[in-house]
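A quick write-up on the structure given underneath.
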Amino acid sequence: MLYPLMTATREVFDLSGIWQFRLDPGQGLAERWYERPLRQSVPMPVPASYNELGEEAAYREHVGRVWYERELIIPRRLWGQRLVLRFGAVAHTAHVYLNGQPLITHRGGFTPFEAEITALAQPGKNRLTVLVDNTLDYSTLPVAHYREEPLPDGTRLISDTPNFDFFNYAGIHRPVRLYTTPATYIRDIVLTSTLAEGDGLVGYRIAVEGAERETVTVRVTLLDAEGRTVAAGEGTQGQLRIKDVHLWEPGHPYLYTCRVELWRPGETSECLDSYEEPYGVRTVAVEDGQFLLNGKPFYFKGCGKHEDFPVHGRGFDEAVYVKDLSLLRWLGANSFRTSHYPYAEEVMRLADRLGLVVIDEVPAVGLHLNLSPSAGPSKRQTWRELTTAAQHEQALRELIARDKNHACVVMWSIANEPATEEEGARAYFEPLLHLARQLDPQRRPLTIALQMLATPATDTVTDLLDVIALNRYYGWYVHGGRLEAAQALLRAELEAWRQRLPGKPILLSEYGADAIAGLHDEPPTMFSEEYQAALLQAYHEVLDACPAVIGEHVWNFADFQTGQSITRVQGNRKGIFTRERRPKLAAHLLRKRWRAIPDFGYKAGK
Ligand code: BDP
């Protein structure tokens, strides 16, 4: 799926701003609120989460439906073009209506969707209505426990408790745009690269739609960073050779531009459609226990993150994205994971540009019914009770369709902390892994971040993956406060993985400790800044001594909001930065370490 771009043949209109908004007490659909202008509405920004934008608990703890509406004025001169309405992301289910007519429904809160509106729209004023439902359950990604229970006073309590550790922000989270294309247009561009003796071979496949599809000529041009043509070809597929190619990698994020044009036969002055895709040439492979980027052993230094910030919650904010990636570079980090869902397309474009490597994760989190404290003592059968397979497949398809050309994406994370030790896990994941390998034109490596019950002795899935990714909390949830025990347990587990799956690289995809900024103690105790720093330091000693470890991602980049519970103090405090992005002691420790670790060849000779 192409990112909406303004080109010589396309226009983009941003529909951000203040929309009308109303919480739905339950009757909105039955009363067909979409058929007339929204009554009793309040102003609400788009894009943003709505949860923190009202002082009533009803906003914050809301479960169910809300309505958004705005006027959409379409200039008459656009008629004759394809008019497409595109949503960057709506959490979690969106029903879109135009002038009271159903337009599109989309399930899944982190990937874009779009619909052509040419048939329903009219020149001038239109009414755009979006019904958003934030309900999650055992069939959705992420997974939550939806419950309705009677209270002694005769009322009903509806709760939707996340089976994951971040706040279930909701709303129209990413930009809504109206864009145009000509009637015959470029629908998709697929790019791949291989290297041959210093040259780059860029494979392309172009999907064209529309009545003139069979007759147009497709021209593909690769431009270097100065805008000079370095290779060109014709046709819907082919391969271009870039002589003495500049490779994309951290420290050298060189981007070419792939310009695609449709030309009518005989026409030489104006092309029918054009699009420009930034493209970094690089290769990725897992070989001999190493993660190879451009053939060189890469060491991941970085963090798991969240899209999370005060006031707008999970809403799109390019200032925060720029700040975060700048802080990552300040730390000397070279990578991050999009824990626990796909991030905004704009973040991916920035990462390409800044040379940050990304592990791209689908929103498959909470696929374990025996992990959370609310799970209770009785052992549940996760893979019998959950019905997420269809949604998981859709999320994977949509993520790969969206991010397949990004140089920054070097690996797909198929899930975070699923019950891979339970019966049924292998049958659940095998087809998904097969699908991911089929869908990705660049055949990137696959991983799953494993929770602590998935050990070398119990896990049933990881032999199918390319990289073992471990989320480990020794010294925190297990033997809290005891760093010598944490080191011994981590060391033993790494050795056990090496024995079970020799030659498979290991990434520490999460490790960390909560620290309340400003809380100090010596000797370090849990929740102090000193303890967080000491725990990271203790892990680093073990990781450095283990050649199979190809990287370290601290949990988490910044403090983030969660649901209310007795283990969270206004959220999860494992950030090395506060929620406002101020550094804790640990950030300085990591900065010292990571600036001394090279991106490539760190473990050479170890
Ligand atoms: C891991 C999860 C992550 C949590 C973290 C924690 O992957 O989402 O926030 O633990 O407990 O299990 O801090």
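Quick note: residue numbers are just sequence positions, from 1. Remember, it's 1-based here, ligands and their atoms both numbered in the order they're listed. All of these numbers come straight from a predicted model, not from anything done at the bench.
In the vicinity of His340, heavy-atom distances shorter than 4.0 Å reach the ligand 1 atoms 3 (C), 7 (O), 8 (O). Numbered from 1 in the order shown, with element, the atoms of ligand 1 that lie under 4.0 Å from a heavy atom of Glu510 read 1 (C), 2 (C), 3 (C), 5 (C), 7 (O), 10 (O). Shown in contact with Asn572 at under 4.0 Å from a heavy atom are these atoms of ligand 1, numbered in order with element: 6 (C), 9 (O), 13 (O). Atoms of ligand 1 found under 4.0 Å from any heavy atom of Phe560 (numbered from 1 in listed order, with element): 9 (O). Each of the following atoms of ligand 1 lies closer than 4.0 Å to a heavy atom of Tyr473: 1 (C), 5 (C), 10 (O). With ligand atoms numbered from 1 in the order given, ligand 1 contributes 1 (C), 2 (C), 7 (O), 12 (O) to contacts under 4.0 Å with heavy atoms of Glu417. Here is the list of ligand 1 atoms found below 4.0 Å of a heavy atom in Arg568: 6 (C), 11 (O), 13 (O). Atoms of ligand 1 found under 4.0 Å from any heavy atom of Asn471 (numbered from 1 in listed order, with element): 7 (O).
Ring geometry for His145 versus Tyr138: interplanar angle over 60°, hence perpendicular rather than tilted (30 to 60°). Between Phe557 and Phe577, the angle of the ring planes lies from 30° to 60°, which puts this pair in the tilted group. In this structure, Phe300 and Phe298 have perpendicular ring planes: the angle between them is above 60°, well past the 30° mark. Phe110 and Tyr341 have parallel rings, their planes meeting at less than 30° on a 0 to 90° scale where 60° marks the start of perpendicular. Under the 30°/60° scheme for interplanar angles, the aromatic rings of Phe336 and Tyr343 are found to lie parallel.
Of the protein's non-hydrogen atoms, Asp165 OD2, 3.3 Å is the one closest to atom 4 (C) of ligand 1. Looking only at heavy atoms of the protein, atom 11 (O) of ligand 1 is closest to Tyr477 OH, 2.4 Å. Protein heavy atom at the shortest distance from atom 13 (O) of ligand 1 is Lys574 NZ, 2.5 Å.
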Run the numbers on Arg380 and Glu422 for side-chain contact (heavy atoms from CB on, under 4.5 Å), then give the verdict.
CA-CA 10 Å; Arg380 297 175 61 179; Glu422 286 185 34; over 6 Å; no
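The proximity of Phe166 to ligand 1, defined as any non-hydrogen pair under 4.0 Å, does not occur for either the backbone or the side chain. Counting heavy atoms closer than 4.0 Å to ligand 1, residue Asn416 contributes side-chain atoms (C-beta onward) but none from N, CA, C or O.
Among pairs with a residue in residues 357-372, those fulfilling salt bridge (charged side-chain N to carboxylate O under 4.0 Å, His left out) read Arg337-Glu361, at least two apart in sequence or across chains.
The ring-ring contact (aromatic ring centres under 6.0 Å, His included) search around Tyr50 returns Phe21, His62, not counting sequence neighbours.
Not a single heavy atom of Phe164 lies less than 4.0 angstrom from ligand 1.
Side-chain atoms of Tyr511 and His540 include a donor-acceptor pair closer than 3.5 Å.
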